[in-house]
Number of protein chains: 2
Amino acid sequence: MGNKNISMAVIRRLPKYYRYLADLLSRDIQRISSKELSEIIGFTASQIRQDLNNFGGFGQQGYGYNVEALHREIGKILGLDRKYRAVLVGAGNLGQALTNYSGFKNAGFNIEAVFDANPKMIGLKIRDYEIMDSDNIESFVSNNDIDIAILCIPKNGAQAVADKLVSSGVRGIWNFAPIDLEVPSEVIVENVNLTESLFTLSYLMKESDDQL
Amino acid sequence: MGNKNISMAVIRRLPKYYRYLADLLSRDIQRISSKELSEIIGFTASQIRQDLNNFGGFGQQGYGYNVEALHREIGKILGLDRKYRAVLVGAGNLGQALTNYSGFKNAGFNIEAVFDANPKMIGLKIRDYEIMDSDNIESFVSNNDIDIAILCIPKNGAQAVADKLVSSGVRGIWNFAPIDLEVPSEVIVENVNLTESLFTLSYLMKESDDQL
DNA sequence: TAGATTGTTAATCGATTAACAATC
DNA sequence: TAGATTGTTAATCGATTAACAATC
C-alpha cells in the first residue's frame, strides 16, 4: 500500500515539512505555495513539489497548498495517527531523560514499561514507571503486544538485549547504543548516535578553525 | 588547509570508520583491506577507498591499511586531538544526561559551565557543576574563551539564546532544540533532532505494517 | 617474481533542479 | 478570462560503483 519506493532522503525531509507546517498553522496561515515554503524551509520549490508528489497531489494549480490539509496528510504519511506500544530499556541518565520526553505522545508512542539491569535501579520510580528487572523483558514484551523498544544501554550488552527484544516480538528499535545492531531485515532500527554527531561537529569546527 | 571540499556524505561516514577501526584495534587486528572492512562496516570496498583517498593515501598496495595508523589519522581528520571549551545550556532531563555523557572526553570537548534559566535550578549541582543563571551566559562565554555550546532548551527560547551565545563568541552549537537556528555562516550548527528521528521510525514502522 | 590490493579514472546510478504544459 | 502555481517530464548534477593500471 502507499509506497512506490520512496528514498530515505525524501523520508527524512518529511518530519521537517511537518514541523514547518505546524508552525504555519499556529500562525493562522491557511495556504502556502511551494515557492513561499521554499523560502522558509530552505529546500527548492522544485524539490518540495517533487517530494510531496511522491505521496499524492496535495496542491492546487494557481493556489498552492492548504496548510492544514497538507499538515494532516503528512502526519498520516508519517504514521502519527497510529498507536505503538513501547518499552524503554536502560534507565540511566539518557533513559530517564527519554522517559520524560514529551515527544512520544505526538508520534503515538506509549511507553508501557521501563527496564534496567542494575539491581540498585530496579523498583525505583521514574515518572509513573517503576523500573523493572531486565530479566523480565521477554515475558513482558510478548505478553503486552509491544511493538517498539527504546534502547539506551551501553554498547556491550546492546546486541544481546536487541536479540531478546526481537525474538519476543519487537518490530522496531529506537537505538541510542553506539553500535550497529544486527536484526532480521523486517525489523526497523532507527539509530541516534550521539558520538557520531559530536565527531561531525568536531570535524566541522576543525575545518572552520583551519580556514582562518 | 587539508580540505578539498569534502561532501557531507563522506564526513558523516568518518565517525563510523573511526568506531570500527577502534573495535578492530581492541581485537588486536593490525591490518585490514578495503574488502575486509567493507564486509564488516557495510560500505563497498570502492567507497571506502574513495572516502579515505579524499584525505590521503593511507593504504599500501598489496597490503591494505594499518589499523592503528588509519585509526589515528581519522582521529586527526575528525579533530579529536583538539581541545574545545564548551558550555551546556538547559539543565533539564536531557541537559543533565548530556552533562554526564562520557563521550565528550574522546572528542576533546570539555564542559566549563552549565546554565539554566529556571531559578529553582540555579545553584543546584550536576556532577561537579553548580548550575549558573542563564543571565550570565554572555559574560561567562566571552571571559572564558568558550568555543562551543550544547543547547538543550525548549524551542521557544532557543533562537534568542543562540544569538547571545554567538555574539559572545561561540563558534559551534550542538543543538538539541527542535528548531533550525539562524546563525552567521561561519558558525557551525550540528542538530540532533529527536522528534525527526522518532517520526522517521514511525514512518518506517507504518510502511512495514502495511507491507503485510 | 607473482599475488594482492591500493589509488584513481571512467561508468553508472540516483537525487536534485529546471522547465513547461496542464489546470485551477 | 488571465495569472498563478501545480504536477510531471527532461536535464543536470553529484555520489556511488566498477574497472584497472600502478605498485607494494
Side-chain angles (χ1 to χ4, degrees), chain A residues 2-17 20-21 24 29-74 77 196 200 203-204, chain B residues 2-17 20-21 24 29-74 77 196 200 203-204:
Chain A
N3 209 320
K4 46 169 179 171
N5 248 104
I6 311 296
S7 78
M8 276 307 288
V10 174
I11 295 166
R12 293 204 178 274
R13 282 193 292 269
L14 293 176
K16 204 166 166 186
Y17 289 120
Y20 274 85
L21 288 164
L24 289 168
I29 294 167
Q30 281 160 36
R31 75 185 188 92
I32 193 155
S33 68
S34 58
K35 181 158 179 297
E36 292 166 315
L37 187 54
S38 116
E39 279 152 19
I40 59 174
I41 206 171
F43 308 149
T44 64
S46 204
Q47 181 164 69
I48 293 169
R49 294 202 300 279
Q50 284 276 26
D51 282 354
L52 298 179
N53 272 90
N54 280 303
F55 303 99
F58 301 124
Q60 194 167 64
Q61 282 97 330
Y63 174 88
Y65 299 87
N66 178 292
V67 173
E68 191 179 355
L70 186 57
H71 178 261
R72 187 177 49 244
E73 287 304 321
I74 294 179
I77 293 164
E196 290 185 5
T200 301
Y203 174 90
L204 296 170
Chain B
N3 210 318
K4 46 171 180 170
N5 249 103
I6 310 296
S7 78
M8 277 307 289
V10 174
I11 295 166
R12 293 205 179 273
R13 281 192 292 269
L14 292 176
K16 205 166 166 187
Y17 289 120
Y20 275 85
L21 288 164
L24 290 168
I29 293 167
Q30 282 160 37
R31 75 184 187 92
I32 193 157
S33 68
S34 57
K35 181 157 178 296
E36 291 167 315
L37 186 54
S38 113
E39 279 154 19
I40 59 174
I41 206 171
F43 308 149
T44 64
S46 203
Q47 180 163 69
I48 293 169
R49 294 202 301 278
Q50 285 276 26
D51 282 354
L52 298 179
N53 272 89
N54 281 303
F55 303 99
F58 300 124
Q60 194 168 61
Q61 283 95 332
Y63 174 88
Y65 299 86
N66 178 292
V67 173
E68 191 179 356
L70 186 57
H71 178 260
R72 189 176 50 243
E73 288 305 320
I74 294 179
I77 293 164
E196 290 184 5
T200 302
Y203 173 89
L204 296 171

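- Using a 4.0 Å heavy-atom cutoff across all strands shown, B:T44 reaches sugar-phosphate atoms only and no base atom.
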Throw together a table of side-chain donor-acceptor distances under 3.5 angstrom for residues 59-72 of chain A, partners on residues two or more places apart or in other chains.
unit_1	atom_1	unit_2	atom_2	d
A:N66	OD1	A:E68	N	3.1
A:N66	OD1	A:A69	N	2.9

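- The number of heavy atoms from other shown groups lying within 6.0 Å of CD (A:Q30) does not exceed 12.
- To the nearest 0.5 Å, atoms CD1 (B:I11) and CD1 (B:I77) are separated by 11.0 Å.
- Atom CD of B:E196 sits about 9.5 Å away from atom CZ of A:R12, to the nearest 0.5 Å.
- The minimum heavy-atom distance linking A:Y20 with A:I40 is given by the pair CE2-O, 3.5 Å.
- Using a 4.0 Å cut-off on heavy atoms, the residues of residues 31-43 of chain B that approach DNA chain C are B:S33, B:S34, listed by number.
- Mapping A:Q50 and A:G62 onto DNA chain D by nearest heavy atom places A:G62 closer to the 5' end of the strand.
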Under 3.5 Å, which donor-acceptor pairs link side chains of residues 42-52 of chain B to any protein atom two or more places apart or in another chain?
unit_1	atom_1	unit_2	atom_2	d
B:T44	OG1	B:Q47	N	3.0
B:R49	NH1	B:S34	OG	2.9
B:D51	OD1	B:R13	NH2	3.0
B:D51	OD2	B:R13	NE	2.6
B:D51	OD2	B:R13	NH2	3.4
B:D51	OD2	B:Y17	OH	2.6

_What verdict does the side-chain contact (heavy atoms from CB on, under 4.5 Å) test give for A:I74 and A:K16, after you've listed the backbone C-alpha separation in whole Å, the side-chain angles of each residue and the deciding distance to 0.1 Å?_
CA-CA 10 Å; A:I74 294 179; A:K16 204 166 166 186; over 6 Å; no

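- Comparing A:A9 and B:G59, the nucleotide of DNA chain C nearest to each residue sits closer to the 5' end for B:G59.
- Secondary-structure stems of DNA chain C, taken as three or more successive Watson-Crick or G-U wobble pairs (i with j, i+1 with j-1) under a 3.5 Å distance threshold, comprise C:3-24 with D:3-24.
- Remark: B:E73 CD to B:F58 CZ distance equals 5.0 Å, nearest 0.5 Å.
- Of the residues in residues 64-73 of chain B, none lies under 4.0 Å from DNA chain D by heavy-atom distance.
- Across B:S33 and B:E36, no two heavy atoms sit closer than the pair N-OE1, 2.8 Å.
- Boundaries of the chain B contact region on DNA chain D are D:dA15 to D:dC24, first to last in 5' to 3' order (nucleotide atom under 4.0 Å from a heavy atom).
- Counting heavy atoms from C-beta on, the side chains of B:I6 and B:F55 come closer than 4.5 Å.
- Projected onto DNA chain C by closest heavy-atom contact, B:S46 and A:R13 fall at different nucleotides, the more 5' of which corresponds to B:S46.
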